[in-house]
Amino acid sequence: MTGPLVPFREIVLKVHSRCDLACDHCYVYEHADQSWRTRPKTISDDVIFRTAQRLAEHAKAHALPSVSVILHGGEPLLAGPARLRRVCEALTSAFDGVAELDLRIHTNGLQLSPRYLDLFDEFGVRVGISLDGDKAANDRHRRYSDGRSSHPLVLRAVELLRQERYRHLYLGLLCTIDVENDPHAVLDALTALEPPLIDFLLPHATWDDPPPRPDGAPTAYADWLLAVFDRWQEQGRPVPVRMFSSVLSTLSGGPSLTESLGLAPTDLVVVETDGQLEQVDSLKSAYEGAAATGFDVFTHSFDEVAAHPGVRARQLGLAGVSETCRRCPVVRSCGGGLYTHRYRSAGPADAFDNPSVYCADLAALVRGVEARTAASLVAPEVTGREELPGSQRDLTRMLLARLNADLEGRGGEPWARAWELAVAIETSDEGVRGLDGVLAHPYTRTWLLRALESLHTGAGDVTAARRLPAYLAVAAVRAGLDLPVDVGHADGRLVLPGLGELRLEGAGERGTARVRAVEDGFLVRWDGAGGAPAERRVTRPRTAAPGWRPVRRFAMPGGVPGPVFELALDDLDPYRDCFTAPAAAALGDRAAADLVFRLGEAWVLIEAKAPARAAEMVRSLTTLTPLSHLAASEPAVGRHGYGALGISADAGAQDLAFALLRGFRRAELRALADVADLYAADGSWEHRIPWQEEPVPFSRLLADTYERVALGAFDPRCLEGVSQALDTLEGAAELTVSGKRLLDLMRKEV
């Protein structure tokens, strides 16, 4: 099996191999593997010491920041306080200075007492308790061997944990599902105990020994869980439920939150009371010896166990599920189910190469949760694309705040003054609007990302961060705020992003100019020739004047309702080089006028053939930048600058229209992907694309289809194959809830 070794971050340490209950659904005592009979009842000092040593070595070798150790059994509290203290002391000592140790214990709670909890408080051991719901539900399986109820003692244990002095140790409740129990009564009983987490567990079963299904209902467990989900929703989700949180996470493109669902590789190993190293405990449900590796803590490292074929099989993610599961669109959420639940002795050469015995339940659960929550999971920008400019501006604002935090004083006094000025600008409504305008400037994001990159690479250069005053000066000028801003200049040029460039006569190679807003413009003062003071007043910033070159702005012609559609032709900004093609040199007046004329003709074509696309562009497109070495009809989309497109300065109107449509659509999808997870696990599958022979990853299929849907209004030939592509997208496992909503909108556009 290929792929990198996945280190163990979670270890189940069996401290006692017997139990004081006789639960009839227990995988340790009631299922196929009966190896517990031959193991020592209690873990020895040698096993404790060697396990702690091996585990610390493993954590150090893989530079793990933390490792979870779950004390388990049987019933771990039967080991007694003294033995559990030895375990905690050995592990804490071994991990000192190596990694953070997260100690937990899973217990039935019957033996829990203040004596144990004081010990756990000393070592930070958090306690999870098994409880199947109300008394009727719990007594169905969790009884003593003579049939007595365990419910009162379990409740007593939970009440102990809920006391103020122990509540920080309360890890949560584990509930094994029985569909004969009332789902609402079970949830109500569990939430009444105010656990930090509820973990619902499907009873362990295989194709050889399938789970009970009343009346043969194929989705009995999904129906039960969805009834719980509905009740949980009605109650306002008072307690996190791991299974539901995991499904909601994967539907939105996030990770799985539990081993039993999702495609994340397992990173768990079991240490038995005799020091034997085994795979996940649930495998004992499959057959005798299914969990065995043949390794032990005395003669083998955890790396050797991690390389065991059985362990690697549970670390393969998508490659480790059956072909049936790989083709299923819900596999990202269900992950093919728990590895144990796939076992079938009469199956293929690999007896685990099957869908889960709960396959129908898992599919129904995922689809049921999606149907109930889709509206709340969809990013608002997907359904209301008018939200995009605002969300992009918010992202840029977050980057600015991050740059300030990451500088950690390295910007010195100049940065501190600039940051104070930024705060001052935001204290007035006019200033906020001015700063918002600067943050919406497409190339501000490029500057911020490069500043962060330079800060975190090499010697941590803060040079790029010194550009902040230039943006603040523009914000103050636009807001008309009488705030002087000292802005750095170079080579006799003062560049004010989004406004223009001022030549500073007699200025040295580098220096500082003071910019201040005045009526109808701004005033600049600097040290001129021989250090003599010099100043220049620009009264009409949009109009060219000797020494002052503004960023050209022009209004597009046409009949789109609403405000005049104005664009900037920015060939001055030093951060406009964020495109795949190089930025062209600044245009002369005649060349710029000619380009503006052809752009106007292109816009008339767009309005006539694709009015809906034109309306979208009016909302978000702000800036065009001429590029060199770019095909006439090929646009360039900046890696960072939403609202800006790179275009060929030599293209005709028809090519420019096509380039604007195509480029805006690409930029829009990229911006959506910035704020919404439209898909996940890109590259895990390959898809046939109707307009080319080679299969492509999901991202390419989505991007091409999204673009063609828009271009179809301009050229119907672009819609050839789009219907098939949309069907392929719809059946893909990568698609998230937001991605599905976007797909619905694309179908409506077609």
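Note: hydrogens, waters and symmetry copies are ignored here, and every other heavy atom, side chains too, is used.
Across every non-hydrogen atom of Thr622 and Pro442, the tightest pair is OG1-CG, 3.6 Å. Closest approach of Leu468 to Ala418, counting heavy atoms only: CD2-CB, 3.9 Å. A pairwise comparison of heavy atoms in Gly488 and Leu494 identifies O-CD1, 3.8 Å as the closest pair. The minimum heavy-atom distance between Leu504 and Ala513, with the atom names listed, is CD1-CB, 4.2 Å. Minimum heavy-atom separation, Leu711 to Cys718: CB-SG, 3.8 Å.
With sequence neighbours left out, the side chain to side chain contact (heavy atoms under 4.5 Å, CB included) criterion links Asp674 to Gln392, Leu395, Arg445. Checked against side chain to side chain donor-acceptor pair (under 3.5 Å), Glu535 has the following partners two or more places apart in sequence or in another chain: Arg525. Residues satisfying the ring-ring contact (aromatic ring centres under 6.0 Å, His included) criterion with Trp548, sequence neighbours excluded, are Phe522. Tyr642 meets the ring-ring contact (aromatic ring centres under 6.0 Å, His included) test with no other residue; sequence neighbours excluded. Not counting sequence neighbours, the partners of Tyr471 by the ring-ring contact (aromatic ring centres under 6.0 Å, His included) test are Trp447. Here Asp682 pairs with Ser699 under the side chain to side chain donor-acceptor pair (under 3.5 Å) rule; sequence neighbours left out. Checked against side chain to side chain contact (heavy atoms under 4.5 Å, CB included), Ala424 has no partners two or more places apart in sequence or in another chain. Tyr706 is linked by a ring-ring contact (aromatic ring centres under 6.0 Å, His included) to nothing, counting only residues two or more places apart in sequence or in another chain. For Arg700, the salt bridge (Lys or Arg N to Asp or Glu O under 4.0 Å) partners two or more places apart in sequence, or in a different chain, are Asp704.
Put simply, the side chain of Ser454 gets close to the backbone of Ala451: a donor and an acceptor are under 3.5 Å apart. With hydrogens and angles ignored, the 3.5 Å screen pairs a side-chain donor or acceptor of Asp570 with a backbone N or O of Leu572. The main-chain N or O of Asp571 is found under 3.5 Å from a side-chain atom of Arg576 such that the two form a donor-acceptor pair. Using a distance-only test at 3.5 Å, with no hydrogens or angles considered, a donor-acceptor pair links the side chain of Arg410 to the main chain of Asp406.
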Could you list the donor-acceptor pairs under 3.5 angstrom formed between side-chain atoms of residues 592-600 and any protein atom two or more places apart in sequence or on another chain?
residue	atom	partner	partner atom	Å
Asp594	OD2	Arg598	NE	3.3
Asp594	OD2	Arg598	NH2	3.0
Arg598	NH1	Ala649	O	3.1
Arg598	NH1	Ala651	O	2.5
Arg598	NH2	Ala649	O	3.0

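Screening residues 420-436 for side chain to side chain donor-acceptor pair (under 3.5 Å) gives Arg397-Glu426, Arg397-Asp436 as the qualifying pairs, with residues at least two apart or on separate chains. Sequence neighbours left out, the pairs with a member in residues 483-496 that pass side chain to side chain donor-acceptor pair (under 3.5 Å) are Asp486-Arg514, Arg493-Glu501.
By the 4.5 Å heavy-atom criterion applied to side chains, Arg688 and Thr728 are not counted as neighbours. Residues Leu726 and Leu743 have side chains in contact (heavy-atom distance under 4.5 Å, counting atoms from C-beta outward). You'll find the side chain of Glu381 stays beyond 4.5 Å of the side chain of Arg385, heavy atoms only. Between Pro389 and Ser620, the closest side-chain pair of non-hydrogen atoms falls below 4.5 Å.
Other residues, nucleotides and ligands place no more than 12 heavy atoms under 6.0 Å from the CD atom of Glu509. Within 6.0 Å of CG in Asp650 there are 12 or fewer heavy atoms belonging to other residues, nucleotides or ligands. Atom CZ of Arg747 has more than 12 heavy atoms from other residues, nucleotides or ligands within 6.0 Å.
Taking the six-membered ring where tryptophan is involved, the planes of Phe698 and His687 are perpendicular, since the angle between them exceeds 60° and thus also 30°. Using the six-membered ring where Trp is involved, Tyr443 and Phe579 have ring planes that are perpendicular, over 60° apart on the 30 and 60° scheme.
Taken to the nearest 0.5 Å, the CG atom of Leu569 stands 6.5 Å off from the CG atom of Leu624.
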